[in-house]
Amino acid sequence: MIKTVEWTGDSVVMIDQRLLPEEEVYRRYDDYRDVAAAIRNMTVRGAPAIGVAAAFGVALGARQYKGEDWNGYEAHMSKVCDELATTRPTAVNLFWAIEQMKAVLAEARQQKLTPWQATELLVERAKQIHASDIEANERLGRYGAELLPAKGIVLTHCNAGALATAGYGTALGVIRAAIAAGKQIQVYADETRPLLQGARLTCWELQKDNIPVTLITDNMSGYFMKQGLIKAVVVGADRIAANGDVANKIGTYMLAVLAQAHSIPFYVAAPTSTCDLSIPSGEHIPIERRANEEVTELAGRRIAPQGVAVANPAFDVTPNEYITAIITEKGVAFAPYIESLKRLLQGEN
Ligand code: MRU
């Protein structure tokens with residue numbers, strides 16, 4: 001199994017996703033500031049993986065506090081949480097994980113534990129967040145597998161696999177579970193410009209698992225849909241609003257519109273930690289803008305004239321009307337999502 005983010009007992013180890021597929025390099029972190037930098041520079045990426053890394057970052061930050069008084073500890077922890085929270089704005093799993101850790105701190109203070117005891121609880125909570133993400137993916141994978149055809153090609157975008165989570169993956173988890181259940185699924189992977197998560201990461205991890213994968217460029221999906229080749233689209237999510245609007249990697253919206261035009265089911269697979277019911281619709285989701293060089297360069301080589309204007313939004317929002325179903329570890333939500341998501345999150349499926 002691919003080890004995206006791992007706790008070693010006194011440090012966090014993460015695979016450097018910027019170097020894949022050519023190099024498989026694991027980096028060790030024992031300072032929360034370096035974990036924050038790794039999230040920001042996309043050494044680790046993918047909504048659930050970012051959340052897990054942030055939780056371990058908070059645990060590391062707590063371990064770095066050497067004092068014994070609560071006031072100093074609290075001030076230090078608030079600095080740790082704030083720094084981790086400013087790394088990337090769109091994936092809500094980051095903020096969800098930090099809130100989970102803050103709740104442990106508040107509870108420890110109420111119970112009058114020492115900072116040292118609180119730190120041990122934080123480490124435990126981060127380990128649980130890691131383990132429960134893998135479990136959630138395996139569970140949602142089984143729900144999603146039932147929706148896929150017995151045989152055929154499934155298109156995916158970006159990387160919503162083991163590398164984007166603590167393990168197994170969301171969209172790729174659905175595909176893995178379908179194959180484990182005996183379905184004959186082949187994957188078409190969009191390359192996913194500008195950072196090529198589809199080409200570099202999805203193809204790498206599917207090849208490792210011997211799952212048949214064909215790489216296509218982002219502008220080929222309509223061609224293959226029109227030919228009747230694509231039987232379903234499955235993608236992950238960075239944030240799902242209360243009405244079922246979904247923020248995911250730039251280009252997802254385009255695929256969803258195309259899928260609807262060709263009557264192809266369009267599924268979103270995500271754990272409930274990706275749902276943000278505090279925002280009514282996708283318009284409220286902050287969209288990360290990234291550096292121009294990601295667009296003007298390819299593999300370190302300039303591909304556009306100097307001085308050209310560039311736009312580089314890292315995510316887009318797919319309105320809920322294009323989404324056939326949202327697959328979570330608590331079950332599958334169908335429209336109207338405003339009701340079905342609330343029911344799932346309250347555990348009444
Ligand atoms: O910019 P990235 O690589 O962090 O974006 C990742 C995505 O958009 C994924 O599709 C999403 O986080 C779901 S991962 C299970």
Side-chain angles (χ1 to χ4, degrees), residues 137-162 164-165 168-192 197-199 201-203 205-206 209-238 240 244-249 251-271 274 316 318-329 331-335 337 340:
N137 293 335
E138 288 172 348
R139 196 165 307 147
L140 74 82
R142 287 193 289 273
Y143 282 122
E146 290 174 23
L147 301 171
L148 294 191
K151 194 177 171 175
I153 296 172
V154 173
L155 178 71
T156 191
H157 190 66
C158 191
N159 171 265
T165 61
Y168 201 68
T170 56
L172 298 192
V174 168
I175 288 163
R176 287 192 165 96
I179 290 172
K183 295 191 171 182
Q184 289 171 42
I185 303 294
Q186 293 179 46
V187 179
Y188 269 39
D190 280 346
E191 65 172 348
T192 319
Q197 289 94 327
L201 309 176
T202 294
C203 293
E205 70 166 88
L206 291 180
D209 272 3
N210 293 317
I211 295 174
V213 56
T214 300
L215 173 63
I216 62 171
T217 63
D218 297 325
N219 47 3
M220 292 177 186
S221 44
Y223 171 83
F224 289 116
M225 285 187 191
K226 190 152 187 290
Q227 287 194 344
L229 223 68
I230 310 290
K231 299 300 176 213
V233 180
V234 191
V235 296
D238 285 82
I240 303 174
D245 290 351
V246 168
N248 191 49
K249 182 51 57 195
T252 302
Y253 168 50
M254 193 169 77
L255 273 186
V257 174
L258 268 175
Q260 191 171 86
H262 294 88
S263 305
I264 296 167
F266 184 91
Y267 300 116
V268 173
T274 305
D316 59 28
T318 299
N320 60 58
E321 62 263 32
Y322 294 103
I323 299 168
T324 311
I326 298 177
I327 304 158
T328 79
E329 80 281 14
V332 180
F334 295 96
Y337 295 105
S340 56

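Positions are given from 1 along the sequence.
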Quiz: residues 258-268 side-chain donor-acceptor pairs under 3.5 angstrom, not counting sequence neighbours:
{"from": "Gln260", "atom 1": "NE2", "to": "Glu321", "atom 2": "O", "distance (Å)": "3.0"}
{"from": "His262", "atom 1": "ND1", "to": "Leu258", "atom 2": "O", "distance (Å)": "2.8"}

Please set out all donor-acceptor pairs under 3.5 angstrom arising from side-chain atoms of residues 222-234, sequence neighbours excluded.
{"from": "Tyr223", "atom 1": "OH", "to": "Gln227", "atom 2": "NE2", "distance (Å)": "2.9"}
{"from": "Lys231", "atom 1": "NZ", "to": "Gly228", "atom 2": "O", "distance (Å)": "2.8"}

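Residues meeting the side chain to side chain contact (heavy atoms under 4.5 Å, CB included) test with Arg142, sequence neighbours left out: Glu138, Arg139. Not a single side chain to side chain donor-acceptor pair (under 3.5 Å) links Thr214 to another residue, sequence neighbours left out. Looking at residues two or more places apart in sequence or on another chain, you find no side chain to side chain donor-acceptor pair (under 3.5 Å) involving Thr192. With sequence neighbours left out, Ile211 forms a side chain to side chain contact (heavy atoms under 4.5 Å, CB included) with Ile175, Arg176, Ile179, Val187, Leu206, Asp209. Not counting sequence neighbours, the partners of Asp190 by the side chain to side chain donor-acceptor pair (under 3.5 Å) test are His157. For Asn248, the side chain to side chain donor-acceptor pair (under 3.5 Å) partners at least two apart in sequence or on another chain are Thr252.
Looking at Asn159 and Glu205, their side chains come closer than 4.5 Å, going by heavy atoms from C-beta outward. A heavy-atom distance below 4.5 Å is found between the side chains of Leu148 and Ile185.
Taking both residues in full, the closest heavy atoms of Ala164 and Ala160 are given as CB-CA, 4.0 Å, listed atom of the first, atom of the second, then distance. Residues Tyr322 and Ala256 share a closest heavy-atom pair of CB-CB, 3.8 Å. Scanning all heavy atoms of the two residues, the minimum distance from Ser340 to Ala333 falls at OG-CB, 3.5 Å. When all heavy atoms are compared, the tightest approach of Cys203 to Val213 is SG-CG2, 4.0 Å. The minimum heavy-atom distance linking Thr202 with Ala189 is given by the pair CG2-CB, 4.0 Å. The two residues Ile240 and Ala270 make their nearest non-hydrogen contact at CD1-CB, 3.9 Å.
If you take NZ on Lys249 and CG on Leu255, they are separated by 13.5 Å, rounding to the nearest 0.5 Å.
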From CA spacing to verdict: side-chain contact (heavy atoms from CB on, under 4.5 Å), Cys158, Val235: CA-CA 8 Å; Cys158 191; Val235 296; over 6 Å; no
Worked verdict on Ile326 versus Val332 for side-chain contact (heavy atoms from CB on, under 4.5 Å): CA-CA 6 Å; Ile326 298 177; Val332 180; over 6 Å; no
Derivation of the side-chain contact (heavy atoms from CB on, under 4.5 Å) call for Ile327 and Leu147: CA-CA 10 Å; Ile327 304 158; Leu147 301 171; 3.8 Å; yes
Val174/Leu140 under side-chain contact (heavy atoms from CB on, under 4.5 Å): CA gap, chis, key distance, verdict: CA-CA 7 Å; Val174 168; Leu140 74 82; 4.0 Å; yes
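Although no hydrogens or angles enter the test, the distance criterion places no donor-acceptor pair under 3.5 Å between the side chain of Asp245 and the main chain of Pro319. Side-chain N or O atoms of Asn137 include none that pairs as donor or acceptor with a backbone N or O of Tyr168 at under 3.5 Å. No donor-acceptor distance shorter than 3.5 angstrom exists from the side chain of Thr156 to the backbone of Ala171, with no hydrogens or angles considered. Using modelled atom types, no side-chain atom of Thr170 and backbone atom of Gly236 make a donor-acceptor pair closer than 3.5 Å.
For residues 213-225, there are no salt bridge (charged side-chain N to carboxylate O under 4.0 Å, His left out) pairs, not counting sequence neighbours. Identified under the side-chain hydrogen bond (donor to acceptor under 3.5 Å, both in side chains) test for residues 178-188, with sequence neighbours left out: none.
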